[in-house]
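In what follows, chains are A, B, ... by sequence order, proteins preceding strands, each numbered from 1.
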Amino acid sequence: MRPVKDAERAILAVVAAVPYGRVTTYGAVAERAGWPRRARLVGRVLSALPDDSDVPWHRVVAAGGRIAFPAGSAPHLRQAGRLAGEGVEVRAGRVDLARHAWSGGGDLDRYLWGDGEN
DNA sequence: CAAATGACGGGGT
DNA sequence: AACCCCGCCATTT
């Protein structure tokens, strides 16, 4: 089994667990998915998502709360718009992580690695 | 097969 | 804050 496939599964599970109105970073997702220092891999996986995907990719931002897409680009505006729609304030292409960052938490770890399956 | 690329991150200037 | 540079690594040139 190609390792990167496993990573993809875990990464998507983590992103899917980010609550409405909260955000997290590529690095944090990688860490949480069990692939420390693989932030780029997270970006790669998200870039492959179909447009109709239910995965809340817009809740994932770069380090420091910065939106990873070039300012003014279509994807950038799309992400900023979705975040604003959830009550997350986006200013100068970035969000205040201190205020909106997702603290992981909950039953995610058990869901991923916990007892028995998955 | 070597070099470039990118939805990244961190440190230094 | 704004850059620049380098480490990182799967993919694509």
Review item, nucleotides 1-4 of chain C N/O atoms under 3.5 Å of protein N/O:
none

side-chain hydrogen bond (donor to acceptor under 3.5 Å, both in side chains) contacts in which one or both residues fall within residues 10-23 of chain A, not counting sequence neighbours:
none
Does a side-chain heavy-atom distance below 4.5 Å link A:Q79 with A:V90?
no
To the nearest Å, give me how far apart CG (A:L46) and C1' (B:dG6) are.
13 Å
Quickly work out the A:E8 CD to C:dC9 P distance and round it to whole Å.
18 Å
Sugar-phosphate means primed atoms, P, OP1 and OP2; the rest is base. With that split, encode nucleotides 8-13 of chain B 5' to 3' as B, S or - using protein heavy atoms under 4.0 Å.
BSS---
Quick check for you: to the nearest 0.5 Å, what is the distance between A:I11 atom CD1 and A:Y26 atom OH?
11.5 Å
Can you check whether A:R44 has a side-chain N or O nearer than 4.0 Å to OP1 or OP2 of C:dT11?
yes
Can you list, in residue-number order, the parts of residues 70-93 of chain A that come under 4.0 Å of DNA chain B, counting heavy atoms only?
none
Gap between atom CD of A:E8 and atom CG of A:L46 - 0.5 Å precision:
10.0 Å
Please enumerate all residues that pass salt bridge (charged side-chain N to carboxylate O under 4.0 Å, His left out) together with A:R99, with sequence neighbours excluded.
A:E89
Could I get the full list of side chain to side chain contact (heavy atoms under 4.5 Å, CB included) partners for A:R37, not counting sequence neighbours?
none
Rounded off to whole Å, could you give me the CZ-to-C1' distance for the A:R37 and C:dC8 pair?
9 Å
Applying side chain to side chain contact (heavy atoms under 4.5 Å, CB included), can you list everything that pairs with A:P70, at least two apart in sequence or on another chain?
A:S73
Set of residues satisfying side chain to side chain contact (heavy atoms under 4.5 Å, CB included) with respect to A:L77, sequence neighbours excluded
none
Test salt bridge (charged side-chain N to carboxylate O under 4.0 Å, His left out) applied to A:E86 - qualifying residues, sequence neighbours left out
A:R59
If the condition is side chain to side chain contact (heavy atoms under 4.5 Å, CB included), which residues does A:T24 pass it with, not counting sequence neighbours?
A:V18, A:A28, A:V29, A:V60, A:W102
